[in-house]
Amino acid sequence: MAKSYVVDAFTDKIFKGNPAAVLFLPKYPSDQLMQNIAMENKLSETAFAVKQDAAHYDLRWFTPRGEIDLCGHATLATGFLVFKYAAPETGDTVTFKTKSGDLTVTKKGGLYEMNFPSYDLKQVSVTKEMTQAFGAQPEAAYLGRDLLCVFPDGTDIEQLNLNMDKLSQLDGLLQHATVASDQYDCASRSFAPKLAVPEDPVCGSGHCHIVPYWAKHLGKNKLTAYQASPRSGILYCDYQGSRTLLSGQAALYSVSEIYI
């Protein structure tokens, strides 16, 4: 048996933010077993953490359709659990060894700050396929690991007429829609049909694309970003060039046992 936690990340209330499952294990099981657990969970991510010492863990993330190289909300969820159950032994910072290098989560008051790599964005042409997939025409598009489509001011991205089949045929591992916001610095939605996740409710790694764009566009490094999914979430961001700091809250939804 192993304990399995579900944490809602980038929110202080359950049923909001992005739910991630987290398992702490003495060692990694087989890739196939981790994939089966992720498919059974049917959440956008399941994180598997292996403790090295009080402040260092190995960490991997699986979507229902495969392992991913970077995940924000499941890292925040894992850090939240480390601080909840292991503090003060860990101090204020925990380091995760991942496929994207060493990632830190630092507890700062009621927020958990992650230090993540920024993605380099290459501007690409807006295509009719993008317009058909999103149900609205972007004014600009950029490609890193993911596709980032920027929509004109005033576009209601909460009401996009989405076509998941067409989204899955676009470039990028994920596809993000973003627009300027009056209440926040930017608003966005994130989609991952290639990973069997139609909409990722609050996407941390996506904001490693979104924040670099808006920081340069708005001429400011500190941004408050709103994820406009039905669950919604808020990210407090600091663009530092090659790195992007993402901060948010988290709420524990459940603790259970799985039989593996």
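Computation of the quantities below employed the complete heavy-atom set of this structure, encompassing side-chain atoms and omitting hydrogens, waters and symmetry-equivalent molecules.
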Do the ring centers of Y184 and Y236 come within less than 6.0 Å of each other?
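No, too far apart.
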Which heavy atom of [X] sits nearest to which heavy atom of [Y], and what is that distance?
| X | Y | result |
| --- | --- | --- |
| L162 | R189 | CD1-NH2, 3.7 Å |
| Y226 | S232 | OH-CB, 3.4 Å |
| H209 | Y119 | CE1-CD1, 3.1 Å |
| F116 | G72 | CE2-CA, 3.5 Å |
| V22 | A74 | CG2-O, 4.5 Å |
| A177 | L160 | CB-CD1, 4.0 Å |

Do [X] side-chain atoms and [Y] backbone N/O form a donor-acceptor pair below 3.5 Å?
| X | Y | answer |
| --- | --- | --- |
| K194 | L170 | yes |
| D185 | T224 | yes |
| R60 | F48 | no |
| Q35 | P64 | yes |
| K107 | G109 | yes |
| T63 | R65 | yes |

Parallel, tilted or perpendicular for F80 and Y112, by the 30°/60° rule?
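If you compare the ring of F80 with that of Y112, the planes turn out perpendicular.
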Which class fits the ring pair H217 and W214: parallel under 30°, tilted 30 to 60°, perpendicular over 60°?
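It falls in the perpendicular class, over 60°.
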Please report the C-alpha distance between Y253 and V7 in whole Å, then the side-chain angles of each, then the deciding distance to 0.1 Å, and finally whether the side-chain contact (heavy atoms from CB on, under 4.5 Å) criterion is met.
CA-CA 5 Å; Y253 171 67; V7 174; over 6 Å; no
Give a yes or no on whether a salt bridge exists between K108 and D92, defined as a side-chain N under 4.0 angstrom from a carboxylate O.
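So K108 does not pair with D92 through a salt bridge.
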Check: P212 and T244 side chains under 4.5 Å, non-hydrogen atoms
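Yes, their side chains come closer than 4.5 Å.
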Do I68 and R145 come within less than 4.5 Å of each other through their side chains, counting heavy atoms only?
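Sidechains of R145 and I68: in contact.
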Side chains of W61 and T75, donor plus acceptor under 3.5 Å
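There is such a pair between these side chains.
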Checking side-chain contact (heavy atoms from CB on, under 4.5 Å) for the pair V94/H56: CA distance, chi angles, key distance, verdict?
CA-CA 6 Å; V94 59; H56 296 84; over 6 Å; no
Check each of Q249, K13, R231 against D8 using the side chain to side chain donor-acceptor pair (under 3.5 Å) test, and report the only one that passes.
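Single side chain to side chain donor-acceptor pair (under 3.5 Å) partner of D8 among Q249, K13, R231: R231.
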So F134 and F151, ring pair (Phe, Tyr, Trp, His ring centres under 6.0 Å) or not? Walk me through it.
CA-CA 10 Å; F134 285 103; F151 288 85; 5.5 Å; yes
